[in-house]
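These numbers come from the heavy atoms of this one structure, side chains and all, not from hydrogens, waters or symmetry mates.
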Amino acid sequence: MMNKDVLETIKTMQLNEVTEHVIYAHMARHAGKENASVLAKISAEEGRHAEIWSRYTGCMPKPNGLKILFYRICGLLFGLTFVINLMETGEEKAQVEYARIAEDVPEALKIYAEEEEHERELIAMVDDERLKYISSMVLGINDALVELTGALAGFTFALGNSTVICMAGFITGSAATLSMAASEYLAKKNDPGEHHPLKAAVYTGIAYMFAVCMLLVPYAFISSPLAALAGCLVNAAIVIMLFTFYVSVVRKEPFTPAFREMICISFGVAALSFLIGWGAQKVLGISM
């Protein structure tokens, strides 16, 4: 008779395998030809392992619908590599679980080793174009957050009207977006190893404009400039958190240090710009 705790662990593993089988199969259907074959193989591996666990559980559970929906949305927004790496973050914990049940289920370690070997080979084959331009996206997001957060903080005291601040911020952000995209295009065009400078420019521009829109939303709906600035800073923190999380997952780098650094830089520039705007208003005696 199998230990009840071990059986529950196997059921959890089986549910994960069945769910990941469906997730990878969905990604395979919506990926390009080369990526589709890779993802289909990963899906087949997950399904086969779920079948092996069914020998012990005596059943095949239904996939976790919420988890499937979550990863589908992540795949749509952030790409294949992000989803795959995010799904693999739980593997260290899984390794401990496999080792724990190995005495009762001799196949466990062999299954885990086989799964790890195959998935490493297959994941290395995935070609995600977005990763080639991640440096361009980082440039766009970081530059927009630092420059526009600071500019809006300065505008808040210097102009004192949410509508005017929003208009000034949009004009500033739009001009900066075009400038950054053009600069990235020229930089990549003069790089011997870069084959798609236009794509790099587009990724930079999209990332920059996304940050601009997020920062301007509070000024479009909140009449109080100071309250709008608070909302702007909250949105800036959300953008920094999401983008830092994305980069940390796809590059497999620590999240906290990068997040802390970007928050300190953006909010530090905003604080200085706020003081400059306040000083300009007092010195020049301008009131709007």
Side-chain angles (χ1 to χ4, degrees), residues 9-57 59-95 97-98 107-137 195-196 199-200 202-203 206-207 210 242-243 245-253 255:
T9 299
I10 292 175
K11 286 182 178 180
T12 300
M13 291 178 174
Q14 185 183 27
L15 177 60
N16 289 336
E17 301 281 8
V18 169
T19 302
E20 290 177 4
H21 165 69
V22 174
I23 292 170
Y24 282 123
H26 172 80
M27 291 167 66
R29 289 194 296 272
H30 294 82
K33 187 175 181 181
E34 292 183 7
N35 286 338
S37 61
V38 174
L39 293 166
K41 289 178 181 178
I42 297 176
S43 175
E45 285 292 327
E46 300 291 354
R48 188 172 66 81
H49 291 139
E51 290 287 349
I52 292 173
W53 292 129
S54 68
R55 300 173 194 168
Y56 298 93
T57 63
C59 64
M60 184 63 73
K62 291 184 178 179
N64 185 328
L66 286 177
K67 189 175 180 180
I68 291 171
L69 177 62
F70 171 74
Y71 281 112
R72 283 185 180 182
I73 293 172
C74 286
L76 182 65
L77 296 176
F78 304 120
L80 298 177
T81 303
F82 177 86
V83 173
I84 293 171
N85 286 352
L86 189 60
M87 291 171 71
E88 293 300 306
T89 54
E91 288 303 319
E92 290 184 8
K93 182 179 177 181
Q95 188 174 17
E97 293 298 316
Y98 276 101
E107 286 179 283
L109 290 180
K110 182 180 178 182
I111 291 172
Y112 181 75
E114 183 182 83
E115 182 172 322
E116 281 290 278
E117 181 184 353
H118 288 169
E119 288 190 0
R120 272 197 302 269
E121 293 174 355
L122 293 170
I123 289 169
M125 294 168 60
V126 174
D127 179 26
D128 189 350
E129 183 186 75
R130 225 168 299 197
L131 294 185
K132 298 175 184 177
Y133 302 101
I134 194 168
S135 62
S136 297
M137 290 190 286
H195 301 293
H196 301 287
K199 285 186 178 180
V202 169
Y203 275 105
I206 290 174
F210 167 73
L242 290 175
F243 195 70
F245 179 61
Y246 168 75
V247 173
S248 69
V249 170
V250 297
R251 288 183 172 175
K252 296 186 177 181
E253 296 174 349
F255 167 79

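Put simply, the side chain of T19 gets close to the backbone of N64: a donor and an acceptor are under 3.5 Å apart.
Atoms NE2 and OG, on H26 and S43 in that order, are 12.0 Å from each other to the nearest 0.5 Å. The CD atom of E20 lies 11.0 Å from the CE atom of M27; values are rounded to the nearest 0.5 Å. In this structure, I23 CD1 and N16 CG are separated by 9.0 Å, a value rounded to the nearest 0.5 Å.
Residues forming a side-chain contact (heavy atoms from CB on, under 4.5 Å) with I52 (at least two apart in sequence, or on another chain): R48, H49, R55, E107, I111. Remark: A44 pairs with no residue by the side-chain contact (heavy atoms from CB on, under 4.5 Å) rule, at least two apart or across chains. With sequence neighbours excluded, the residues satisfying ring pair (Phe, Tyr, Trp, His ring centres under 6.0 Å) with F245 are F82.
Counting heavy atoms from C-beta on, the side chains of M60 and E51 come closer than 4.5 Å. Side-chain contact check for V18 versus W53: every heavy-atom pair is 4.5 Å or farther apart. A heavy-atom distance below 4.5 Å is found between the side chains of Q14 and P61.
Closest of all the heavy-atom pairs between L39 and A28 is CB-CB, 3.7 Å. In this structure, F70 and L86 approach most closely via the heavy-atom pair CE2-CD2, 3.9 Å. Closest approach of I10 and Y56 over heavy atoms only: CD1-CB, 4.1 Å. The two residues S54 and C59 come nearest to each other via the heavy atoms CB-O, 3.4 Å.
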